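See below for the structure under consideration.
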Amino acid sequence: MSSPLDLTGQEERTAATEPADSSVRPSEPESRAPEAPSDNGTEPSYSADAGDDEGFDDDDDTEDAGPADPEVSDEIRRATEALKAAEAEDAQAAAEAGDEAEEPEAVILEPEPEPAANEPELQAPTTTRTGEPAEIDPDEMDPDALKVVLRLHQHGHQAYLVGGCVRDLLLGKKPKDFDVATSAHPGEVRAIFRNCRLIGRRFRLAHVYFKGGKIVEVSTFRANPTELEPAPGAATDEASGEDLLITHDNVFGTAQQDARRRDFTINGLFYDAAEGRVIDYVRGRRDLDERFIRTIGDPEVRMREDPVRILRAVRFAAKLDLDIESRTYAAMEGAVEDLPRCAPARLLEETFRLIRGGVSAPALKLLAALDALKLLLPPVDEYLRENGKEGEKTFYAFAQALDKRVSAGEVLDDAILLATLLVPIGRTQPAEESQDEGRASVAHVIEDLLAGFVEAARLPRRIAERCRMLLLMQRTLSGERRKKTGAFRRHPLFNEALAVFAMTVEATGEGREALDAWQSGEVPPQRASASGAADAEGPRRKRRRRRRRRTGGGSGEGGSGAERPASSSGSNGGEG
């Protein structure tokens, strides 16, 4: 598949030896299979998917195969090993890529030194110099971020809380994290904080570490390269074809230049904790009060400089319930065609942020209106175009069910997020026969999407593998296919698949009885349509369940010549 969305460079933190500063960190909890070993497996095999016809026997008479059944254990082990092997491959690829250059030394969290007798206490004031209350209550701020700001002030540097944390505090929301911008260069920041290390290759950042794994990111003031005076003899925009895309951004600047290089006015606000006042170089307070998202500077230029700002504007509009200013929206429409030119890792991160944020339904609606879905999620765009109003209603019902769970605080990994949004496509497009023997397939467009993300876009293989398994397992959960219940329940992704099925039930109103049965530990009745299909395929399924013939010479497995259980037929039927 050749998806225009190139998502190269996503890092996964699956091993302690991987870089700690990867800019893309999709959430990926461990598999829930208690029997799965934590060591790396072998090359991934796709033959043990839960929905695979060759993964487990279709046997309506034998409901549960006990844990002692060696054939069922083999199937579960193969499925687990496929996932573990994918994780190992991702870890090796990340280690070989080395996308970010970090300092090799380990982080040593040393206790904060006791203040000297003549050292002033590091404490943010609650009032300004004029005696008015501080514009943001210090109690609402992160104490460690305040400590970083005040310590930098103490050493003679400018330092402010910046960006999203200031915006959210002024809106009465709790910030997810607190970032600091300073006039100190990275080396100077490291000299001040003993629990600090520098990260990044293109632009050095300082990470100050605190107990509990908290990180306060400190960046040096930067300038927008497009606003700098060109060097003598340098090519102008006209001579270079007016290509405004920023390919480098590692020029130090002043606080005002740093504010002006940011994307939107509401993100260009600084807060001086030592003075208790908001510093607004870009009229962000006005737009925040009027609830507008507006670019800093000419929107046409700013969107062409970095088209990822389209996704950021969509996310802020959905998350904060803000309107996009008309000129900014028009510029977004014009810059959609430039999305494939952006840094792939940033595109991937921003795309998943839209889905992870609990506002995927309004965000995806806005992306569809901008005609950006065809570049980000082609199967979704095609589904919406082909199925009209009814298709839109169904798809956004799935997105709303997903948002409801995220907003309730559930932590869903990226495979679940992606699978939930792809379920409607799988329900309208039948699975096709795979060219690989012993491997069932989901809908062709989904197979192409996942394969393209892995092969061309370097989406972590385990996310694609899990997503595919989750989609295949929906057929068994809904009763379309019948599997041995004991084996199916022990599948390493059973709980995740059941979560996706629960969102399907909520979105469509179908399958409530089957969901209740699975959740209560019972076996749901097989769907009538599925039963009819099974009867129609009786001869083929009967051949698949046929037992092995006895071999007098002991050439069978183990040399005993004993019959193997019926579950030996399937993807492993030709081995041994």
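From a predicted model like this one, the values you see are computed outputs, not experimental measurements. The basis for the numbers below is simple: all heavy atoms, side chains too, and nothing from hydrogens, waters or symmetry mates.
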Handout entry: Side-chain heavy-atom pair Arg385, Asp381 within 4.5 angstrom cut-off
Key = yes

Does the side chain of Leu450 reach to within under 4.5 Å of the side chain of Ile463, using non-hydrogen atoms?
no

Does Lys214 count as lying over the ring of Tyr209, i.e. NZ or CZ under 6.0 Å from the six-ring centre, within 45 degrees of the axis? no

Exercise. Any chance CZ of Arg291 has more than 12 other-residue heavy atoms, nucleotides or ligands included, within less than 6.0 Å?
Worked result: yes

**Request:** With side-chain contact (heavy atoms from CB on, under 4.5 Å) as the test, would you mind laying out the steps for Arg304 and Asp338 before giving the verdict?
**Result:** CA-CA 7 Å; Arg304 295 286 181 178; Asp338 290 332; 2.5 Å; yes

Would you say the side-chain atoms of Asp137 pair up with the backbone N or O of Glu140, donor to acceptor, closer than 3.5 Å? no

Checking Val500, Ile446, Leu417 against Leu422 for side-chain contact (heavy atoms from CB on, under 4.5 Å), the one that qualifies is Ile446

State, yes or no, whether a side-chain contact exists between Arg285 and Glu135 at a heavy-atom distance under 4.5 Å. yes

I'd like to know if the side chain of Asn267 and the backbone of Gly163 have a donor-acceptor N/O pair within less than 3.5 Å. no

Item to check | Residue pair Phe178 / Val166, side-chain heavy-atom distance below 4.5 Å | outcome: no

Exactly one candidate in Arg312, Arg302, Arg315 meets salt bridge (Lys or Arg N to Asp or Glu O under 4.0 Å) with Asp263; the answer is Arg312

So NZ of Lys211 and CG of Asn195: to nearest 0.5 Å the spacing works out to 10.5 Å

dist Leu288:CG -> Arg294:CZ (nearest 0.5 Å) comes out at 12.0 Å

Go through the steps for Asp371 and Lys374 under the test salt bridge (charged side-chain N to carboxylate O under 4.0 Å, His left out), then give the verdict.
CA-CA 7 Å; Asp371 206 22; Lys374 66 181 180 182; 3.1 Å; yes

Practice task
Begin from the C-alpha positions of Val314 and Leu370 and carry the test side-chain contact (heavy atoms from CB on, under 4.5 Å) through to its verdict.
Solution key: CA-CA 10 Å; Val314 167; Leu370 289 166; 3.9 Å; yes

Side-chain donor or acceptor of Arg260 paired with backbone N/O of Gly297 under 3.5 Å:
no

- Message: Looking at Thr265 and Asp287, would you say the former's side chain and the latter's main chain have a donor-acceptor pair under 3.5 Å?
- Response: no

Practice item. Output, in order, the C-alpha distance, side-chain angles, deciding distance and verdict of salt bridge (charged side-chain N to carboxylate O under 4.0 Å, His left out) for Glu506 and Lys404. Key: CA-CA 10 Å; Glu506 182 177 342; Lys404 183 178 179 180; 3.6 Å; yes

Side-chain donor/acceptor of His153 to backbone N/O of Ala159, under 3.5 Å = yes

**Report entry** Check: Lys319 and Arg353 side chains under 4.5 Å, non-hydrogen atoms
**Finding:** no

Scanning both residues in full, the closest heavy-atom pair of Val189 with Cys196 reads CG1-SG, 4.3 Å

By side chain to side chain donor-acceptor pair (under 3.5 Å), Gln400 pairs with (sequence neighbours left out) none

Separation between OG1 (Thr420) and CG (Leu470), nearest 0.5 Å, reads 8.0 Å

Under the salt bridge (charged side-chain N to carboxylate O under 4.0 Å, His left out) criterion, do Arg466 and Asp413 qualify, and how do the steps go? CA-CA 10 Å; Arg466 288 185 179 191; Asp413 67 32; 3.6 Å; yes

One should read off an interatomic distance between Asp139 CG and Leu146 CG, to the nearest 0.5 angstrom, of 9.5 Å

Nearest heavy-atom approach of Ile296 to Gly268 is CD1-CA, 4.5 Å

Next item on the list: Indicate yes or no for a side-chain donor-acceptor contact from Asp272 to the backbone of Gly276 under 3.5 Å, with no hydrogens or angles considered.
Entry: no

Taken to the nearest 0.5 Å, the spacing of Leu322 CG from Glu290 CD works out to 12.0 Å

Okay, side chain of Asp258, backbone of Arg222: is any donor-acceptor separation there less than 3.5 Å? yes

Task: Verdict with supporting geometry, Ile293 and Asp323, side-chain contact (heavy atoms from CB on, under 4.5 Å) - done: CA-CA 6 Å; Ile293 296 175; Asp323 293 325; over 6 Å; no

Could you check whether any side-chain heavy atom of Leu367 comes within less than 4.5 Å of a side-chain heavy atom of Leu354, counting everything from C-beta outward? yes

Using a 3.5 Å distance criterion without hydrogens, assess whether the side chain of Asp403 forms a donor-acceptor pair with backbone atoms of Ala361. yes

Residues pairing under ring pair (Phe, Tyr, Trp, His ring centres under 6.0 Å) where one sits in residues 258-278, two or more places apart or in two chains, turn out to be Tyr160-Phe270

Between Ala145 and Val180 the two heavy atoms that sit nearest each other are O-CG2, 4.3 Å

d(Leu493 CG, Ile416 CD1) to nearest 0.5 Å is 8.5 Å

- Item | Test item: Glu325 side-chain N/O and Arg327 main-chain N/O as donor-acceptor pair under 3.5 Å | yes

Scanning both residues in full, the closest heavy-atom pair of Phe210 with Lys147 reads CE2-CD, 4.3 Å

Check your understanding: Checking Arg167 against Phe316: charged group under 6.0 Å from the ring centre and within 45 degrees of the axis?
Key -> yes

Is there a donor-acceptor contact under 3.5 Å from the side chain of Thr328 to the main chain of Ile324?
no

**Report entry** Heavy-atom side-chain contact between Leu269 and Ile279 under 4.5 Å
**Finding:** no

Closer than 4.0 angstrom, basic N to acidic O: yes or no for Asp280 and Arg286? no

| said: Run the salt bridge (charged side-chain N to carboxylate O under 4.0 Å, His left out) test on Arg309 and Glu305 for me, step by step, so that the C-alpha distance in whole Å, both residues' side-chain angles and the decisive distance to 0.1 Å come before the verdict. | reply: CA-CA 9 Å; Arg309 289 169 179 160; Glu305 285 177 348; 3.2 Å; yes

In short, Val162 meets Cys165 closest at the heavy-atom pair O-SG, 3.3 Å

* If we only count heavy atoms from C-beta on, is the Phe221 to Phe252 side-chain gap below 4.5 Å? -> no

Apply side-chain contact (heavy atoms from CB on, under 4.5 Å) to Val148 and Thr182, showing your working. CA-CA 10 Å; Val148 171; Thr182 179; over 6 Å; no

Ala368 and Tyr396 have their tightest heavy-atom pair at CB-OH, 3.8 Å

